Amino acid sequence: LEQPTQKFADLTGEHFGFTILNNGRYGCDALGGRLRVTLLRNPNIPDRETDNGRHRIKLAFVPHGPDVSNDQLVRQGIVFNRPALSTVVSRARPTGTGESNVSIAGSSSVICTALRRAEHSDGYILRLFETSGLRRRVTVSVGRGLRKAQPVNFLERPMGGPCRVSRGKVTLTFRPYEVKSLLLSCGGWY
């Protein structure tokens, strides 16, 4: 039975496992030690021409031991789909202290999947995702000081009251596999 896939599919057994990273393929199915990735679907509805034409498909086979964590797999899938970008920086203008813009303390299973400018305000949207299937509590800091953090939905509309910000950090509790989006007001960025 085919299951939806985003970025990766994994089979892990008692002694070893492997992951197939992909660039947004539709789904996969597994039977025993076999894992198949659906490359094209070509449905008639809603568009008869959906998968017609040329396609560039990227796959990577990654063997691993039996103790790989789900957050490691999610991170590998994200990195495979969003390769690092580089930029030339003038030596005349320092670029900061080398600190990360986003810091998540308390659990490696909560990852940042997006940090971008908000579309409907002057703030930034930070999207976080719990990957282990367990309740987690983390402390998040961003840039040079978080002033406000407001939970929002995917349309950037407020959900409930603002989060309590203390010393430029916000503490969040996640349910298993929960996605949280926050509208941030910050004191500065690198």
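Since we're looking at a predicted model, the values are computed, not measured.
- The side-chain heavy atoms of Phe16 and Pro63, taken from C-beta on, include no pair separated by under 4.5 Å.
- For the atom pair Leu11 CG and Ile20 CD1, the distance stands at 8.0 Å (nearest 0.5 Å).
- The CZ atom of Arg127 lies 12.5 Å from the CD1 atom of Ile111; values are rounded to the nearest 0.5 Å.
- The backbone N or O of Asp71 lies less than 3.5 Å from no partner atom in the side chain of Ser109, so there is not a single donor-acceptor pair.
- For Lys148, the NZ atom counts as loosely surrounded, since its 6.0 Å shell holds 12 or fewer non-hydrogen atoms of other residues, nucleotides or ligands.
- The pair Asp122-Arg117 fails the salt-bridge criterion, with no side-chain N (NZ, NE, NH1 or NH2) lying under 4.0 Å from an Asp/Glu carboxylate O.
- In summary, Lys180 and Glu178 engage in a salt bridge, as defined by a charged side-chain N under 4.0 Å from a carboxylate O.
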Chi angles and distances behind the side-chain contact (heavy atoms from CB on, under 4.5 Å) call for Val138, Phe174: CA-CA 8 Å; Val138 297; Phe174 284 81; 3.7 Å; yes
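- One finds the OH atom of Tyr124 at 12.5 Å from the CG atom of Leu146 (value rounded to the nearest 0.5 Å).
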Could you go through the side-chain contact (heavy atoms from CB on, under 4.5 Å) check for Leu182 and Val152 one step at a time? CA-CA 6 Å; Leu182 300 174; Val152 294; 5.9 Å; no
Report the C-alpha distance between Thr38 and Cys28 in whole Å, list the side-chain angles of each, state the deciding distance to 0.1 Å, and finish with yes or no for side-chain contact (heavy atoms from CB on, under 4.5 Å). CA-CA 6 Å; Thr38 302; Cys28 68; over 6 Å; no
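- Side-chain atoms of Asn22 do not come within 3.5 Å of backbone N or O of Leu59 as any donor-acceptor pair.
- A distance of 10.5 Å separates CG of Leu184 from CD of Gln150, quoted to the nearest 0.5 Å.
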Residues Ser132, Asn70; criterion side-chain contact (heavy atoms from CB on, under 4.5 Å); working and verdict: CA-CA 6 Å; Ser132 70; Asn70 198 46; 5.6 Å; no
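- Side-chain polar atoms of Ser185 and Arg147 form no donor-acceptor pair below 3.5 angstrom.
- Listed for the Gln72 side chain is no donor-acceptor partner under 3.5 Å among the backbone atoms of Arg75.
- In the model, Gln76 has no side-chain atom that pairs as donor or acceptor with a side-chain atom of Thr19 under 3.5 Å.
- Within a 6.0 Å sphere centred on CZ of Arg34, heavy atoms belonging to other residues, nucleotides or ligands number more than 12.
- The residues Glu156 and Arg116 are annotated as salt-bridged, a charged nitrogen and a carboxylate oxygen being separated by less than 4.0 angstrom.
- Considering CG of Leu183 and CD of Glu119, their distance stands at 12.0 Å, rounded to 0.5 Å.
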